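A short worksheet on the structure shown next.
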2 protein chains.
Amino acid sequence: MQNDQKIRIVIYEDNRDLREGMTFLLQATPGLEFAGAFPDATNLEMQIPGLKPDVVLMDIDMPGRSGIDAATIVKALRPETQVLMLTVFEDEEKVFQAIRNGASGYLLKRTPPTEIISAIQDVHIGGSPMTSTIARRVLQFFQQQPPSGSSRPDYDLSPRELEILKSMVKGYSYKLIAEEHFISVDTVRSHIRHIYEKLQVNSKTEAVLKALREKIV
Amino acid sequence: MQNDQKIRIVIYEDNRDLREGMTFLLQATPGLEFAGAFPDATNLEMQIPGLKPDVVLMDIDMPGRSGIDAATIVKALRPETQVLMLTVFEDEEKVFQAIRNGASGYLLKRTPPTEIISAIQDVHIGGSPMTSTIARRVLQFFQQQPPSGSSRPDYDLSPRELEILKSMVKGYSYKLIAEEHFISVDTVRSHIRHIYEKLQVNSKTEAVLKALREKIV
DNA sequence: AGGTAAATAGCACGAAAGGGTGATATATTC
DNA sequence: GAATATATCACCCTTTCGTGCTATTTACCT
């Protein structure tokens with residue numbers, strides 16, 4: 001984050017008008033330095049290391065290589081480069097993919113120029129500009145609440161059954177579980193049968209998965 | 001989201017000046033309806049049901065009950081109410097707690113009045129206003145980067161083995177996996193044996209657990 | 001005191017999973 | 001062109017699981 005230096009920016013955007021418009025915008029803005037613009041990301045590996053951008057504006061939908069894949073590669077080549085995704089609409093899945101792949105911000109193409117500029121500055125000093133709609137999606141992913149009503153089902157397992165379940169989650173075989181709890185394998189079976197009934201599953205793997213996903217991990 | 005209705009707002013904020021300032025602001029803004037303001041959240045259970053707010057402005061640090069706990073209760077009482085957290089600085093831990101507890105936005109107290117207003121409108125129509133710094137924190141949490149060096153072990157499974165593993169993680173039996181991939185059960189077994197070798201495990205459950213924890217989930 | 005639930009244990013059977021071994025046909029790589 | 005990796009199928013045998021049924025002891029509830 002070299003501070004009083006100009007922010008070097010590279011654009012990947014297949015729409016020519018948009019690309020040229022943004023190029024012009026960047027060149028006209030003091031504090032920003034236009035470093036390059038390309039209609040696709042296929043030669044990204046050859047471009048990024050030389051151009052050394054601080055910020056990359058990356059269209060999501062491009063011919064050849066998608067912006068999502070491109071974002072991954074940019075972050076691999078230059079982790080310090082911030083990637084700002086550009087898209088026409090807020091596609092839930094793509095947003096998350098981009099985030100997972102290291103994108104630091106998410107803008108709509110219809111964002112007014114002044115805001116694009118401030119988003120660039122923002123992402124460069126460590127922020128993550130995004131629309132509040134996208135932010136909400138991200139938060140909801142975090143909260144991943146059951147849509148309505150009670151929290152998580154309880155299944156009311158007995159204390160003993162819970163312990164057995166935990167052992168199962170550790171990947172133990174019946175024999176091991178028996179030894180661990182100083183009971184016979186048959187008893188373990190008994191408990192596990194009850195657990196299956198309560199969890200509504202019918203195999204060890206399913207039980208472990210359900211336990212892992214829904215409750216006491 | 002009753003649209004052309006006024007947005008009913010309740011404030012919880014222990015600082016008197018701020019509380020009264022915001023009250024004034026809300027009352028002076030068309031489209032918003034000030035529904036109440038309180039210096040603490042201790043009687044929240046008695047207030048929220050009667051006031052039926054669309055949006056609650058909630059200070060994080062209050063005497064008695066914290067804004068975080070209060071947010072939880074508000075969401076429990078009226079899930080349709082949006083909670084906007086207010087704080088003086090961006091405390092990482094508290095931000096996450098608030099998010100987990102159902103907060104839909106996160107504002108700094110020093111946010112200018114006009115932006116507070118638009119944040120309220122924003123959160124009411126389904127957005128999640130937050131500073132880009134907070135957004136970055138949230139994204140980073142998503143990306144949960146390995147601090148440095150090696151990522152996760154690869155185990156280099158073949159593409160086919162990966163598919164089989166995924167089916168295992170779905171809790172399928174050998175037979176089901178065979179049907180799913182149009183191969184014989186023996187072939188499935190063959191792949192699974194190789195998977196066990198590579199993952200260094202020796203049972204379905206262990207393999208699933210390892211897969212779930214370390215890699216492709 | 002009587003009823004209920006949990007924990008324990010056992011028996012039995014069939015199905016599923018895992019170990020061992022071997023074989024064949026493509027690819028890919030060296 | 002040989003070696004290697006992958007994908008496929010087969011057979012045998014042992015262990016583990018899933019399930020049905022029963023039974024005893026303890027502990028808790030009313």
Side-chain angles (χ1 to χ4, degrees), chain A residues 42 45 65 69 73 150 152-217, chain B residues 150-217:
Chain A
T42 42
E45 288 89 340
R65 178 186 278 164
D69 295 338
I73 299 169
S150 66
R152 46 106 166 58
D154 198 5
Y155 299 118
D156 57 51
L157 298 173
S158 77
R160 195 58 164 181
E161 286 162 350
L162 255 190
E163 287 181 45
I164 306 284
L165 222 202
K166 284 179 191 166
S167 299
M168 292 170 72
V169 172
K170 286 193 281 182
Y172 287 9
S173 68
Y174 285 14
K175 191 182 265 183
L176 269 176
I177 297 175
E179 286 170 16
E180 189 188 25
H181 295 277
F182 307 107
I183 57 181
S184 80
V185 176
D186 285 305
T187 304
V188 172
R189 262 201 250 282
S190 267
H191 288 308
I192 289 183
R193 224 174 311 136
H194 296 144
I195 293 172
Y196 286 177
E197 284 170 23
K198 291 180 180 175
L199 291 197
Q200 301 258 49
V201 299
N202 39 42
S203 82
K204 206 177 175 182
T205 313
E206 286 181 66
V208 169
L209 283 173
K210 194 153 190 172
L212 222 45
R213 283 205 240 273
E214 298 189 26
K215 356 180 295 82
I216 320 90
V217 184
Chain B
S150 70
S151 48
R152 41 100 169 63
D154 197 5
Y155 298 117
D156 58 48
L157 299 174
S158 77
R160 195 57 164 181
E161 287 163 349
L162 253 190
E163 286 182 45
I164 305 285
L165 222 203
K166 283 180 190 165
S167 299
M168 293 170 72
V169 172
K170 286 195 280 183
Y172 286 9
S173 68
Y174 285 14
K175 192 181 270 181
L176 271 176
I177 297 175
E179 286 171 15
E180 191 188 24
H181 295 278
F182 307 106
I183 56 181
S184 80
V185 177
D186 280 304
T187 304
V188 173
R189 282 161 32 71
S190 183
H191 288 307
I192 289 181
R193 229 176 309 128
H194 295 145
I195 294 173
Y196 287 176
E197 285 171 23
K198 292 181 180 175
L199 291 197
Q200 301 260 49
V201 298
N202 40 41
S203 81
K204 204 177 176 181
T205 313
E206 286 181 67
V208 169
L209 282 173
K210 195 151 190 173
L212 222 43
R213 282 206 242 274
E214 298 188 28
K215 350 183 298 78
I216 322 90
V217 184

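No hydrogens, no waters, no symmetry mates; every other heavy atom, side chains included, goes into these values. Lettering follows sequence order; numbering is per chain, from 1. Here the structure is a predicted model, which means the values were calculated and not measured.
For A:His194 and C:dA6, the shortest distance from a side-chain N or O to OP1 or OP2 is not below 4.0 Å. Proximity of A:His191 to the phosphate of C:dA6: no side-chain N or O atom is located under 4.0 Å from OP1 or OP2. Side-chain nitrogen and oxygen atoms of B:Tyr196 include none within less than 4.0 Å of the OP1 or OP2 phosphate oxygen of C:dG19.
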Contact string for nucleotides 22-27 of chain D, one letter per nucleotide 5' to 3', B = base within protein heavy-atom range under 4.0 Å, S = sugar-phosphate only, - = neither, reads ------
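A distance of 11.5 Å separates OG of B:Ser203 from NZ of B:Lys210, quoted to the nearest 0.5 Å. Considering CD of B:Glu161 and CD1 of B:Ile164, their distance stands at 8.5 Å, rounded to 0.5 Å. We find the CD-CD1 distance between A:Glu163 and A:Ile177 to be 11.5 Å, quoted to the nearest 0.5 Å. In this structure, the separation between CD on A:Glu45 and CD1 on A:Ile73 is 4.5 Å, given to the nearest 0.5 Å. Atom OG1 of residue A:Thr42 and atom CG of residue A:Asp69 lie 12.5 Å apart, to the nearest 0.5 angstrom.
Between A:Ile164 atom CD1 and C:dA7 atom P there is a gap of 9 Å when expressed in whole angstrom units. Rounded to whole Å, atom C1' of D:dG18 lies 13 Å from atom CD1 of A:Ile195. Protein atom OH of B:Tyr174 is 17 Å distant from nucleotide atom P of D:dA10, rounded to whole Å. Between B:Leu165 atom CG and D:dA7 atom P the separation is 13 Å, expressed in whole Å. Whole-Å rounding puts the B:Glu161 CD to D:dA7 C1' distance at 9 Å. Whole-Å rounding puts the B:Ile177 CD1 to C:dG18 C1' distance at 14 Å. Atom C1' of nucleotide C:dA15 and atom CG of B:Leu176 are separated by 14 Å, given to the nearest angstrom. Rounded to an integer number of Å, the gap from B:Met168 CE to C:dA16 P is 16 Å.
Between D:dC17, C:dA16, D:dT8, one nucleotide has an atom nearer to the side chain of B:Lys175 than all others, and that is C:dA16.
Inter-residue side-chain proximity for B:Glu179 and B:Leu176 is flagged as met; some heavy-atom pair is nearer than 4.5 Å. Side-chain atoms of A:Glu206 and A:Leu209, non-hydrogen and from C-beta on, never get closer than 4.5 Å to each other.
Of the possible polar contacts, none joining the B:Tyr174 side chain to the B:Ser184 backbone as a donor-acceptor pair under 3.5 Å is found.
Under 3.5 Å, the side chain of A:Arg189 and the base of D:dG20 form no donor-acceptor pair of N or O atoms.
Around the NZ atom of A:Lys170, the shell of radius 6.0 Å holds more than 12 heavy atoms that belong to other residues, nucleotides or ligands.
Less than 4.0 Å separates DNA chain D from at least one heavy atom of each of the following residues of residues 179-187 of chain B: B:Ile183, B:Ser184, B:Asp186, B:Thr187.
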